[in-house]
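Below is one structure, written out as structure tokens; the observations come after it.
A, B, ... follow the sequence lines: proteins, then strands. Residue 1 opens every chain.
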There are 2 protein chains.
Amino acid sequence: MHYHHGDLRRAMLEAATEAIAANGVDRLSIRGLARATDVSHTAFRHHFGDRRGLLTALAAEGYGSMSQVLRAVDRTGPEGFLETGVAYIEWALAHPAHFQVMFEPDLVDMDDPDLREALDGLAGALMMGAADFAGRDQAGDPRTNPLALAAWSLTHGFATLALAGNLPTDGAPVGELARDVLRHLAPPTQPGHPPTEPGHG
Amino acid sequence: MHYHHGDLRRAMLEAATEAIAANGVDRLSIRGLARATDVSHTAFRHHFGDRRGLLTALAAEGYGSMSQVLRAVDRTGPEGFLETGVAYIEWALAHPAHFQVMFEPDLVDMDDPDLREALDGLAGALMMGAADFAGRDQAGDPRTNPLALAAWSLTHGFATLALAGNLPTDGAPVGELARDVLRHLAPPTQPGHPPTEPGHG
DNA sequence: GTGGAATCTTTCCACTGGAAAGACTACGCC
DNA sequence: GGCGTAGTCTTTCCAGTGGAAAGATTCCAC
């Protein structure tokens, strides 16, 4: 046992990831992390400042990881427009702790420069994927393009509901179900009547 | 000031609603609620048991309220299939504290009978609305119908992203944007594998 | 080596949620 | 009226939490 831990910052982030995934972020205890890492409960302050700083770092790590994964997606296939969404969902299910922190602004310090930089990186990756849905001619910015926003909402909603345990995840891999769900996104038809035509038509 | 508060249960729920909407559920303090209600910090225990019990009651209240609103939606118009989704989103934005607690299973006691009953009521209302998306011939159960699940995911995702501050809510009412987004849901146009298998049931 | 910077500990504090026991009040019953 | 019981709230105490401040230890450039 050394006085210097070696890489306490990383160890704390990993311990927090496990603890949040197991018990939820509301039951995350700094002192519990310190015990798991075998340091004093104030050791983390040098690296993160306070509890919120730790969660902010975790969120930034999540933005970076997700951004990296989404940018590596092969979107050239016949259903390439779906792949970013599927990757988004699979990443969320594989990183529940990060995902939970990433989209709860109450938990983090939104003014943190590292966080903002990582978030901007993810936003860029999302726009690339959304452009596949919206059509390559159009901008994929959800702020201006309702179809892109619909793609993001659908993907994010599926991931959120799945993480909250509201989906039948029994047996079949979620990736296939996600594909089936994401396929139901379509451009708008004439306003005034529904774009869906039930089977009896 | 009476020894008996009168309706402490309701007062506590309302104070909690305000506090969560203002600061998020993670910063909700029982003692803070007690101060706001001018009672001792253990007075609530008789009504809710513990902190989790209070959040559980809040979630149940939310399920009941949302269910009631969704069931009152007029779904007969030309775009009636959208109205449940729009009402879902508008309810969520009008009740951010409830919504936040309703879909975070870590925060509540999922075995609470009152909660389960209220949740079942909401599930029924959601299935009615989802059936409008999925087509009236088909079951609107998101557990078996991918289109119904897509409708729920899209609606829920939009509400979640809006509450997290990720949407451009400047100026225009969110209801219209929600309509534009929800209109993008459609049956699959891609050949190949049909997303819905006509299993028996 | 030595001085300074980085890292971790010790100690203390205000605060939190919960347990236990007691005090007050409403209300049916005599 | 008075009485007793159930319901409601308080008082008191406790273990646990996050954070502030100051000190101890180790690393590293020189």
*Is the closest basic N to carboxylate O distance between A:R183 and A:D180 below 4.0 Å?*
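Salt bridge between A:R183 and A:D180, a charged N being under 4.0 Å from a carboxylate O: yes.
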
Could you tell me how far apart [X] ([atom1]) and [N] ([atom2]) are, to the nearest whole angstrom?
X     : N      : atom1 : atom2 : answer
B:F48 : D:dT8  : CZ    : C1'   : 13 Å
B:L8  : D:dC9  : CG    : P     : 5 Å
B:D38 : D:dT10 : CG    : C1'   : 13 Å
A:D26 : D:dT17 : CG    : C1'   : 14 Å

Pairs of donor and acceptor atoms involving the side chains of residues 15-29 of chain B, under 3.5 Å and at least two apart or interchain, shall be tabulated with distances.
from  : atom 1 : to    : atom 2 : distance (Å)
B:T17 : OG1    : B:L13 : O      : 2.7
B:S29 : OG     : B:R31 : N      : 3.3
B:S29 : OG     : B:G32 : N      : 2.9

_Parallel, tilted or perpendicular: rings of A:Y88 and A:F103 (30°, 60°)_ =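 Answer is tilted, since the angle falls between 30° and 60°.
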
*Heavy-atom distance under 4.5 Å between the side chains of B:F158 and A:L149, does that happen here?*
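Counting from C-beta outward, B:F158 and A:L149 do come under 4.5 Å.
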
*For B:R179, check salt bridge (Lys or Arg N to Asp or Glu O under 4.0 Å) against everything at least two apart and list the hits.*
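Applying salt bridge (Lys or Arg N to Asp or Glu O under 4.0 Å) to B:R179 gives B:E83, B:E176.
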
*Are any of B:H46's side-chain N or O atoms less than 4.0 Å away from OP1 or OP2 of D:dT8?*
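Answer is yes, contact under 4.0 Å.
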
_Less than 4.0 angstrom between a side-chain N/O of B:H47 and OP1 or OP2 of D:dC9, yes or no?_
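So the side-chain polar atoms of B:H47 do come within 4.0 Å of the phosphate oxygens OP1 or OP2 of D:dC9, strictly under.
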
_Each nucleotide in nucleotides 12-18 of chain C should get exactly one letter: B, S or -. Can you fill that in based on protein heavy atoms under 4.0 Å?_
----BBB

*Do you know the tightest heavy-atom contact between A:I30 and A:H41?*
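Nearest pair, atom of A:I30 first, then A:H41: CG2-O, 3.6 Å.
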
